[in-house]
Amino acid sequence: AAGATPRPDVKTLGFVGHTIKGAARTICADPLGAATERLESLANGKCAAGLTPETVDWVELVAEVDQSLTQLLDFVASLHEVESFSVADTVANGHDDNYEKLVAAASATAKAFVLAKRATAAEATAAEACESLTELARLCALLGIGGLKLAAEALAAALQRTKAAGALGVFKGLAEQFLWDAWLVLGEKMPVIATELAPEEQWMVAEAVVAGPSSAAAAAAAA
């Protein structure tokens, strides 16, 4: 067929696609996960109607995986280039009002995630989510939390392009770590964050944050 390329070693492509897909799903790199899932499916003969392994453009499929992987690696590299401090260092070495800023940032993080997730499902507007993410980025800048700031800005930009799945996954991972670290530093000063996440997603903001510090302390003591 016109435009078709010679069929490569599809068994190897399927294996590589499956391997990268698993890693991508684990770190919530959704675009890479989707690209490798398509590669794996087609390599295993699961072709859409009117398509056969002989007519698949394997070069284009591999190029899509390569592009998604490159974008992920570039984003990860950019995180290392951003000056960022641990939550503990930020509070210990900063001014007294850093505690208040940290409390505000914790609440803003959970709110931003919920609104961004709703926006991707068309249950909230991108403008609402972007406003929340912008406020979070502002607070992160004040606290020197560079990684989360960059992720919030990237997610806001992705929402405006209606291509936020990958950015939401990256933000989710950084938000989870930040909220847990914030709770470890703030203890009883940590606000009880009333999120509206599904039960299976509440780990994103850590059980200690969702339930409140007292419940978390009791659970830790019981363990």
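In this chain, numbering begins with 1 at the start of the sequence shown.
Distance CZ/Arg138 to CG/Leu143: 9.5 Å, rounded to 0.5 Å. Note that CG of Leu32 and CG of Asp66 are 10.0 Å apart. Values are rounded to the nearest 0.5 Å. For the atom pair CD1 of Ile145 and CG of Leu174, the computed distance is 11.0 Å after rounding to the nearest 0.5 Å. Going from atom CD of Glu153 over to atom SG of Cys130 covers 11.5 Å, rounded to the nearest 0.5 Å. A distance of 10.0 Å separates CD of Glu135 from SG of Cys140, quoted to the nearest 0.5 Å.
Between Phe171 and Leu136, the closest side-chain pair of non-hydrogen atoms falls below 4.5 Å. Residues Leu159 and Leu133 have side chains in contact (heavy-atom distance under 4.5 Å, counting atoms from C-beta outward). Proximity of Thr36 to Glu40: side-chain heavy atoms (C-beta onward) are nowhere separated by under 4.5 Å. For the pair Phe15/Asn44, no side-chain contact is recorded, criterion being any heavy-atom separation below 4.5 Å from C-beta on. Inter-residue side-chain proximity for Asp181 and Gln177 is flagged as met; some heavy-atom pair is nearer than 4.5 Å.
Between the Ser68 side chain and the Val65 main chain, no donor and acceptor come within less than 3.5 Å of each other.
Scanning both residues, Gly33 and Lys21, for their nearest heavy atoms gives O-CG, 3.8 Å. Across Leu39 and Gly17, no two heavy atoms sit closer than the pair CD2-CA, 4.3 Å. Here the closest non-hydrogen pair linking Leu168 and Ala116 is CD1-CB, 3.9 Å. Smallest separation of non-hydrogen atoms from Ala129 and Ala119: CB-CB, 4.1 Å. Smallest separation of non-hydrogen atoms from Ala108 and Leu139: CB-CD1, 4.0 Å.
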Quiz item: Can you check side chain to side chain contact (heavy atoms under 4.5 Å, CB included) on Leu155 and Phe113, steps first, answer last?
Solution: CA-CA 10 Å; Leu155 179 53; Phe113 175 77; over 6 Å; no
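Salt-bridge formation is not detected for the pair Lys172/Glu176: no Lys NZ or Arg NE/NH1/NH2 atom is positioned less than 4.0 Å from an Asp or Glu carboxylate oxygen.
One side chain, Thr125 or Glu128, offers a donor N or O that lies under 3.5 Å from an acceptor on the other.
Residues that satisfy the side-chain hydrogen bond (donor to acceptor under 3.5 Å, both in side chains) test with Glu37, not counting sequence neighbours, are Arg25.
Residue Leu115 is not grouped with residue Phe178 when hydrophobic side chains (ILVMFWY) are merged at heavy-atom distances under 4.5 angstrom, including chains of intermediate members.
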